[in-house]
Every structure is written in C-alpha cells, then in structure tokens.
There are 2 protein chains.
Amino acid sequence: MGEKQYRIGEFSKLVGLSAYTLRYYEDQGLILSQRDENGVRYYTAEDIRWIGFILHLKGTGMRLNELKRYVQLRAQGDDTIAERRAMLQKVKDDAEADIAELQMHLKVLGRKIDWYDGKTNHTIPDTESFHDYLQKFNK
Amino acid sequence: MGEKQYRIGEFSKLVGLSAYTLRYYEDQGLILSQRDENGVRYYTAEDIRWIGFILHLKGTGMRLNELKRYVQLRAQGDDTIAERRAMLQKVKDDAEADIAELQMHLKVLGRKIDWYDGKTNHTIPDTESFHDYLQKFNK
DNA sequence: AAACACCTTTGAGTGCACTCGAAGGCAAGA
DNA sequence: TCTTGCCTTCGAGTGCACTCAAAGGTGTTT
C-alpha cells in the first residue's frame with residue numbers, strides 16, 4: 001500500500017499534459033482527481049494508466065464530449081459495458097475509414113511524386129500531363 | 001477550344017465546395033479563376049482536375065498556406081519541381097507517420113474491445129484489469 | 001419590373017481543444 | 001517572512017478553416 005501520490009505539477013510532466021489541461025479535462029469530466037485534506041489534487045499510478053488510455057482514444061479521433069460520455073458510463077458500472085463497447089467500435093470503425101481515405105489520397109500523392117521523378121529523369125515525356133499519367137492507373 | 005465553362009454556382013456543385021469556399025480559396029491563393037467580360041468567374045474541366053488534386057493534398061493533411069506556397073512554386077515553372085516534390089514528400093511522410101500512430105492507438109482500442117468481449121463471455125476473469133490484460137501483449 | 005446569379009469589401013460567427021492570465025487565497029518549507 | 005506550489009472563478013485569446021451576412025452593385029432572363 002501507500003502508493004505514490006503525485007501533485008499536479010509532477011503528474012503533468014509524467015503524462016505530458018500541462019496542469020492547465022489536466023484541470024480542463026477534469027472540468028470536462030474526463031478525469032477525476034482525489035484531494036488531500038487541503039483540497040490539493042493528487043494522482044496515482046492508476047491515473048497515469050487512465051490518462052494513457054484516454055490519450056489512445058483521443059488519438060483515434062474521439063472527441064472530448066464522447067470521452068465524457070464514456071466516463072459517465074464507466075461510472076455506472078458493468079451494465080454499461082455493451083454501450084461502451086459499441087462506442088469504441090464506432091470510433092475504431094471511423095478511424096479505419098479515415099485511414100482508408102488517407103491512403104487513397106496518399107496514393108495520388110505518391111503518383112504525383114513519381115510523375116515529378118519521371119519528368120526529371122525524362123522517362124515521362126514532357127508533354128504528358130499528370131492527369132493523363134494518372135489515367136493509366138485507372139484501368 | 002470550346003471547352004465548357006462553368007459559373008461558380010454550377011462549379012460549386014460539381015466539385016462539392018460551396019461558392020463561399022471557392023472564393024475563399026481564391027483569396028487564399030489556392031485557385032485562380034478566369035473572368036468573363038463582366039468580371040464573372042468561370043471555370044473549366046482543368047479547374048475541376050486542379051480542385052480534385054488540392055483536395056487530395058488537403059486530405060493528406062496539407063495546410064492552406066502550404067498549398068498556397070505550392071501554387072506559387074507551380075506558377076514559377078519547372079525550375080521549382082524539386083522543391084514541389086520535396087513538399088509532397090514531406091506531406092506524404094507526415095501522413096504515413098500519422099497513420100502509423102493512429103494504428104498504434106487502434107491496436108489498444110481493439111484490445112479494449114476484446115477485453116470487453118472477454119468479460120462478457122467470461123473468458124477473461126472478472127478480476128483481471130484491462131491494464132493486466134494489456135501487459136500480456138507486451139512481451 | 002422583378003427575380004436571379006453573380007460581383008465586391010468587410011467583418012463577425014462557428015467549433016474544437018486548448019492556453020493563459022488576473023485576482024485573491026491557503027499551506028508548507030527555507 | 002518570503003517563496004513556491006497549489007487552489008478557485010472567470011473570461012479572453014489562439015489557430016485553423018471555413019461560413020455567412022450585410023450593403024450596394026451589374027447583367028441576364030422571365
């Protein structure tokens with residue numbers, strides 16, 4: 001027992017979020033903090049893990065208000081697992097769709113780079129436009 | 001010769017950007033428009049292709065001011081091809097890094113979903129925390 | 001004549017997630 | 001005692017990319 005307690009300054013460095021942001025997240029209902037007898041916030045290893053997890057969720061595009069909802073569900077106990085799972089699944093599906101779209105854009109970008117290289121090398125005729133070049137891949 | 005000319009209203013529907021946005025992009029130096037004798041903007045098939053291309057660039061995370069720079073270089077002719085190529089390469093590298101990060105976050109999210117499923121199925125003991133469950137994958 | 005689609009400049013509003021500062025206060029350590 | 005680090009509320013500012021409206025104009029179509 002006697003887990004290490006971190007005050008906001010130290011914790012902030014640990015998790016890479018400013019003290020401002022930590023208070024802001026608390027206001028927004030993303031995190032809870034415990035308080036000592038003087039009302040000073042303290043955090044534990046458990047909080048580090050939680051921040052880590054919400055950063056994963058944020059990293060996949062979850063918004064703060066969705067995260068807030070998730071936190072509320074979590075506080076209501078195991079009955080809400082199905083809903084939480086569904087939320088995560090949706091975020092995951094959306095992120096995967098974003099990746100697919102990004103990759104589609106990247107493909108064109110890569111082709112443009114190749115086209116520039118072709119111009120530079122003269123392996124693509126000066127007269128061939130990028131548009132014409134691109135068409136070749138669409139069949 | 002005799003290419004179809006589109007006024008902003010029609011063009012806007014064609015490319016999926018509002019007339020407001022098209023004028024805004026023009027202000028920002030992302031697109032040019034030709035004008036008829038009354039000063040009314042018109043666009044051609046070439047402009048459709050250009051908008052398509054900048055949407056690919058935007059889709060990979062390029063900012064409007066970078067895009068503006070790119071357009072300026074393009075206007076300066078073939079001497080700037082190397083710099084333009086480099087810009088695209090950077091955007092591509094950044095986007096690929098973003099995808100890699102996103103996938104890393106998605107992995108954790110997927111594991112959380114699996115963990116929920118395990119709880120629901122009772123294939124994961126009630127006492128096992130997600131943190132403990134996650135650890136198993138880190139070796 | 002009225003409606004419509006366009007033109008201009010200018011400036012305000014939106015959404016999201018911070019980011020910061022002011023003002024005033026408490027408690028522990030040097 | 002002074003400094004440091006924390007606390008509170010409140011409100012303003014930032015960055016990005018739009019998004020829209022006002023106010024006053026031109027030219028074409030019905």
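Every chain is numbered from 1, with letters handed out A, B, ... down the list of sequences.
Taking atom CG on D36(A) and atom P on dC6(D), their separation rounds to 11 Å, with Å as the unit. Rounded to an integer number of Å, the gap from CG of L22(A) to C1' of dC20(C) is 15 Å. Rounded to whole Å, atom C1' of dA17(D) lies 11 Å from atom CG of N65(B). Atoms CD (E26(B)) and P (dC6(C)) sit 14 Å apart, rounded to a whole Å. Between the CD atom of Q28(A) and the C1' atom of dC16(C) there is a distance of 11 Å, given to the nearest Å. To the nearest angstrom, C1' of dC7(C) lies 8 Å from CZ of R23(B). Between L30(B) atom CG and dA17(D) atom P the separation is 9 Å, expressed in whole Å. Rounded to whole Å, atom C1' of dC16(C) lies 15 Å from atom NZ of K68(A).
The residues D94(A) and K90(A) are annotated as salt-bridged, a charged nitrogen and a carboxylate oxygen being separated by less than 4.0 angstrom. Between E46(B) and R49(B) there is a salt bridge, with a side-chain nitrogen of the basic residue lying less than 4.0 Å from a carboxylate oxygen of the acidic one.
If you check dA17(D), dC18(C), dT8(C) against the side chain of Y24(B), the one that comes closest is dA17(D). For I8(B), the listed nucleotide lying nearest its side chain is dC7(C); candidates were dC6(D), dC7(C), dT28(D). Picking from dT19(C), dA17(C), dA17(D) the nucleotide with the shortest atom distance to the side chain of T21(A) gives dT19(C). The side chain of N38(A) lies closest to dA28(C) when the candidates are dC6(C), dA28(C), dA17(D). With dC7(D), dT8(C), dC18(C) as the candidates, the nucleotide lying closest to the side chain of R41(A) is dC7(D). Considering only the side chain of Y20(A), dG21(C) comes nearest among dG21(C), dT8(C), dC6(C).
Regarding contacts with the backbone of dG5(D), every side-chain N or O of R7(A) stays at 4.0 angstrom or more from both OP1 and OP2. In this structure, K58(B) reaches the dC18(D) phosphate: one of its side-chain N or O atoms is under 4.0 Å from OP1 or OP2. Using a 4.0 Å cut-off, no side-chain N or O of R35(B) falls inside it from OP1 or OP2 of dG27(D). Considering only side-chain N and O atoms, Y25(B) lies under 4.0 angstrom from the phosphate OP1 or OP2 of dC18(D).
Nucleic acid contact class of Y42(B) (heavy atoms, under 4.0 Å, all strands): none.
For the pair R84(A) and Y116(B), the cation-pi test (distance below 6.0 Å, angle within 45°) is failed.
Distance check, rounded to the nearest 0.5 Å: OG1 of T80(A) to CD of Q72(A) gives 10.5 Å.
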Using residues 123-130 of chain B as the side-chain source, report each donor-acceptor pair under 3.5 Å to any protein atom, sequence neighbours left out, with the distance given to one decimal.
| residue | atom | partner | partner atom | Å |
| --- | --- | --- | --- | --- |
| E128(B) | OE1 | K136(B) | NZ | 3.3 |
| E128(B) | OE2 | K136(B) | NZ | 2.8 |
| S129(B) | OG | H131(B) | N | 3.4 |
| S129(B) | OG | D132(B) | N | 3.0 |
| S129(B) | OG | D132(B) | OD2 | 3.3 |

